[in-house]
Amino acid sequence: QVQLVESGGGLVQPGGSLTLSCAASGFTFSRAAMSWYRQALGKERELVAAITSTGGSTNYPDSVKGRFNISRDNAKATVFLQMNSLKPEDTAVYYCNANVVTVTRLRYTYWGQGTQVTVSS
């Protein structure tokens with residue numbers, strides 16, 4: 001069964017750093033583009049980082065560009081989100097997302113359960 005298990009969330013002070021991890025299983029991780037999304041209370045879910053299946057290309061919205069970094073370890077089937085210079089507006093539930101392409105070119109999307117990140121003094 002496909003699983004995306006997130007960890008690393010918690011409480012951090014403004015200006016601090018936090019690294020989230022997402023451990024994947026149940027599919028061929030090396031064929032999946034991975035992303036992180038977040039959803040704050042009262043707001044819609046938004047993309048915060050994306051990385052290609054090989055890790056050769058990344059994408060970030062302006063709100064986190066220069067502060068967040070997405071990376072992956074295909075050998076460990078894990079994707080990371082390194083968050084630096086955190087701001088209170090970064091407070092949200094962060095979700096791991098996988099877009100899988102099979103060898104027959106079929107596509108599937110999977111979501112993790114989410115992990116809470118709270119940035120507060």
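Just so you know, these numbers come straight off a predicted model, no measurement behind them.
By the neighbour-count criterion of 12 heavy atoms within 6.0 Å, atom CD of E44 is sparsely surrounded, having that number or fewer from other residues, nucleotides or ligands. More than 12 non-hydrogen atoms from other residues, nucleotides or ligands lie less than 6.0 angstrom from CG of L106.
Judged as a side chain to side chain donor-acceptor pair (under 3.5 Å), and not counting sequence neighbours, Q3 has no contacts. Residues that satisfy the ring-ring contact (aromatic ring centres under 6.0 Å, His included) test with Y37, not counting sequence neighbours, are W111. Residues meeting the side-chain contact (heavy atoms from CB on, under 4.5 Å) test with R105, sequence neighbours left out: R107. For Y108, there are no ring-ring contact (aromatic ring centres under 6.0 Å, His included) partners at least two apart in sequence or on another chain. Remark: S30 engages no residue in a side chain to side chain donor-acceptor pair (under 3.5 Å) (not counting sequence neighbours). Partners of R67 under the salt bridge (charged side-chain N to carboxylate O under 4.0 Å, His left out) rule, at least two apart in sequence or in another chain, are D90. Listed by chain and residue number, Y110 satisfy the ring-ring contact (aromatic ring centres under 6.0 Å, His included) test with F27 (two or more places apart in sequence, or in another chain).
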Output, in order, the C-alpha distance, side-chain angles, deciding distance and verdict of side-chain hydrogen bond (donor to acceptor under 3.5 Å, both in side chains) for T118 and S120. CA-CA 6 Å; T118 302; S120 180; over 6 Å; no

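N74 contributes atom CG, which lies 9.5 Å from atom CE of M34 (distance to the nearest 0.5 angstrom).
Taking 4.5 Å as the limit, some side-chain heavy atom of T109 sits within range of a side-chain heavy atom of N97.
Hydrophobic clustering (ILVMFWY, side-chain heavy atoms < 4.5 Å, transitive): Y95 and W36 are in distinct clusters. V117 and V79 end up in the same hydrophobic cluster when Ile, Leu, Val, Met, Phe, Trp and Tyr side chains are linked at under 4.5 Å.
Using a distance-only test at 3.5 Å, with no hydrogens or angles considered, a donor-acceptor pair links the side chain of R72 to the main chain of F29. Remark: the backbone N or O of V101 is paired with a side-chain donor or acceptor of R31 at under 3.5 angstrom.
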Side-chain donor-acceptor pairs of residues 46-65 under 3.5 Å, sequence neighbours excluded:
{"from": "E46", "atom 1": "OE2", "to": "R38", "atom 2": "NE", "distance (Å)": "2.8"}
{"from": "E46", "atom 1": "OE2", "to": "R38", "atom 2": "NH2", "distance (Å)": "3.3"}
{"from": "T52", "atom 1": "OG1", "to": "G56", "atom 2": "N", "distance (Å)": "3.2"}
{"from": "T52", "atom 1": "OG1", "to": "S57", "atom 2": "N", "distance (Å)": "3.2"}
{"from": "T54", "atom 1": "OG1", "to": "G56", "atom 2": "N", "distance (Å)": "3.3"}
{"from": "Y60", "atom 1": "OH", "to": "N69", "atom 2": "OD1", "distance (Å)": "3.3"}
{"from": "Y60", "atom 1": "OH", "to": "I70", "atom 2": "N", "distance (Å)": "2.9"}
{"from": "D62", "atom 1": "OD1", "to": "K65", "atom 2": "NZ", "distance (Å)": "3.4"}

In residues 4-26, what donor-acceptor pairs under 3.5 Å come from side-chain atoms, sequence neighbours left out?
{"from": "E6", "atom 1": "OE1", "to": "Q113", "atom 2": "N", "distance (Å)": "2.9"}
{"from": "E6", "atom 1": "OE1", "to": "G114", "atom 2": "N", "distance (Å)": "2.5"}
{"from": "E6", "atom 1": "OE2", "to": "C96", "atom 2": "N", "distance (Å)": "2.3"}
{"from": "S17", "atom 1": "OG", "to": "N84", "atom 2": "OD1", "distance (Å)": "3.0"}

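The shortest non-hydrogen separation linking T91 to Q116 is CG2-NE2, 3.9 Å.
Residue pairs meeting the disulfide (SG to SG under 2.5 Å) criterion with at least one member in residues 42-91: none, sequence neighbours excluded.
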